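All remarks here apply to the structure that follows.
Side chains are part of it too, since the values below use all heavy atoms of this structure and drop only hydrogens, waters and symmetry mates. As the structure is a computational prediction, the values presented were derived from the model and not from experiment. Letters A, B, ... are given to chains in the order of the sequence lines, protein chains preceding strands, and every chain is numbered from 1.
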Amino acid sequence: MDVVVENFHLYYTGFLKTLGICLWAAAGSVLLGTSLAALRVSPVQSLQWMSAGYVNALRNCPLTVVLFFVAFGLPELGLNCSYYWFAVSALVLYTAAFICEAARSGINSVPQGQAEAARSIGMSFSRSLRLVILPQALRSVVPPLGSVIIAMIKNSAIVGAFGVGGELFSVGDTLTGSRGYAALPVLSGVLIGYLLITVSAGLLIQILERKATIAR
Amino acid sequence: MSNLLFDTPGRRARRRVLIASALSVVGLAALVYMTVRRLANQGQLGAEKWSPVFNPADEQFALLWRFLAVGLLNTLRAASVAVVLSVALGTALAVARISAARSYGWLIVTAVEILRGVPVVIAIFFAARVLPELGLELPLMWYLVIGLTVYNSVVIGEIVRAGVGALPRGQTEAAEALGLSRGQTLGLVLLPQAFRIMLPALISQLVVVLKDTSLGAFISYEELLRRGNIAVQSLQNPLQLFLVIALLFIAVNYALGQLAARVERRVSQSAAFQD
């Protein structure tokens, strides 16, 4: 494991960069995903179809292909930015589809009677949504949302394989590839970095889950 | 579920919905128009960009599609081998976890939990970089298959365990009352029933595996994406080619997803019939 100790600063900066990518991507995909879910449950049929089309397309397309499309295709359209932001946006586009599904299942898990009761005591649409349905839906959405986010953290390694320099996985890639270190210790170090993030994210979500669950 | 959030719309609400749909369609059309104009401005609508991919009369059309077809075939081959191996290994893992004694059961649990947290790319790179160091030279496909199998067998193992756990307790009790051993109970009574319940979940996992085979591109296994990337280098039309590759993946996976949904309906129907 000397390699890991010798190149600790590389690992450390890589770890921070991965963490940054994950945070940006998590924020972006939750934002985009919940708006997609809102479209999906809206009364406007055409919006429902657009959202469903987006989700079906992105869910069935490998992240790698999305990444290639964004990073090699968009420059052809004259849209240029750094690989870092291409990578983040690909992660956001892809993960949002899964977030949308998780959020939708959360809204669907609220018993029908709740909405009916809210309406029958005379609550308006926005009040029943704000005071009755969303608070319950948000609670039941925590576990599936958590597993989507954890999957996204793992997927962020793909971004490194793709060539966002200095990211945790790409650190391992350069150390084993061009610098010729033995692969086993180098990749184990990378793996520990990812496990650190995923395991702590898992614990965080568990705490949230315990806080959020309500007895039904 | 459509009326969970709102009442059946009345006259005014219907009119508002109609206006909103019209606005959204106009918005989408504007977006499409802007994209097309942008494409035209950047010279992306030229025939030389599209015709090798979509025009059968183009001289490169047959060549390109034969090239991509082999890629798709490689993708499907790697995915199916990985799935078969993962189901076999996953079942073994589930059986081990179910029947393990307390004393070493935690070992399996820990291994499963760690492997579940491993990014698939890293599993594949582990296989591709570490195995040759250990003196195990394999064709590229097998590194991909091994990486995919290590990750997915754990996931499938959990699916199998959940399937067995979901069976009514009476099944085990009846098998034990008949004098079947623990192995026979699992093999003859529980697993066959569990597999039937899990079939939809297994097919969905096949979609995941199929998507993950595209990671083979990073270890230069010539699956669909890699081949597409090679073709881009000579045709210089990344937008068009990656679009086609995305559509191919979406078509195959969407079909699999529909199959999973259909199987799920069948399974739940026949289960309802039995009870």
Checking the side chain of B/K211 only, and the main-chain atoms of A/R59 only, is there a donor and an acceptor separated by less than 3.5 Å? yes
Contact class of B/L247 relative to chain A, heavy atoms under 4.5 angstrom: neither
Which bit of B/R116 is near chain A, if near means a heavy-atom gap under 4.5 Å: side chain, backbone, both or neither? backbone
Just checking A/R130: does its CZ atom have more than 12 heavy atoms from other residues, nucleotides or ligands closer to it than 6.0 angstrom? yes
Please look at B/N229 and chain A and tell me whether the side chain, the backbone, both or neither of the residue comes under 4.5 angstrom of a heavy atom of that chain. side chain
Report the distance from atom CG of B/L225 to atom CZ of A/F68, rounding to the nearest 0.5 Å. 4.5 Å
Any idea which heavy atoms bring B/V25 and A/S46 closest together, and the distance? CG2-CB, 4.1 Å
Option from A/V186, A/L187, A/L184 for which side-chain contact (heavy atoms from CB on, under 4.5 Å) with B/R129 holds: A/L187
For B/R262, I'd like to know if atom CZ has over 12 heavy atoms of other residues, nucleotides or ligands within 6.0 Å. no
Could you check which of A/L195, A/T198, A/V65 has the highest count of heavy-atom pairs closer than 4.5 Å to chain B? A/V65
In this structure, CZ of B/F242 is separated from CG of A/L67 (nearest 0.5 Å) by 10.0 Å
Contacting region of A/F69 [heavy-atom separation from chain B under 4.5 Å]: both
Identify which of B/V118, B/V207, B/I245 forms the greatest number of heavy-atom pairs closer than 4.5 Å to chain A. B/V118
Counting heavy-atom pairs under 4.5 angstrom with chain B, the leader among A/P62, A/S156, A/G73 is A/P62
Indicate yes or no for a side-chain donor-acceptor contact from A/K154 to the backbone of B/V121 under 3.5 Å, with no hydrogens or angles considered. no
Is there a side-chain contact between A/T64 and B/F218 (heavy atoms, below 4.5 Å)? yes
When you look at CH2 of A/W24, are more than 12 heavy atoms from neighbouring residues, nucleotides or ligands closer to it than 6.0 Å? no
For residues B/V17 and A/P43, report the shortest heavy-atom separation together with the two atoms involved. CG1-O, 3.8 Å
From CE (A/M50) to CG (B/L31), nearest 0.5 Å: 9.5 Å
Any B/S24 side-chain heavy atom under 4.5 Å of A/L39 side chain: no
With a 3.5 Å distance limit and no angle check, can you tell me whether A/N60 reaches the backbone of B/I250 through a side-chain donor-acceptor pair? no
Are A/V190 and B/F125 close enough, and set up right, to give a side-chain contact (heavy atoms from CB on, under 4.5 Å), and what steps lead you there? CA-CA 11 Å; A/V190 171; B/F125 264 70; over 6 Å; no
Counting only heavy atoms not in B/F54 (residues, nucleotides, ligands), do more than 12 fall under 6.0 Å from its CZ? yes
Where does B/I114 contact chain A at under 4.5 Å (heavy atoms): side chain, backbone, both or neither? both
Please classify the contact between A/I158 and chain B as side chain, backbone, both or neither, with a heavy-atom cut-off of under 4.5 Å. both
Is it the backbone or the side chain of A/Y194 that comes under 4.5 Å from a heavy atom of chain B, or both, or neither? side chain
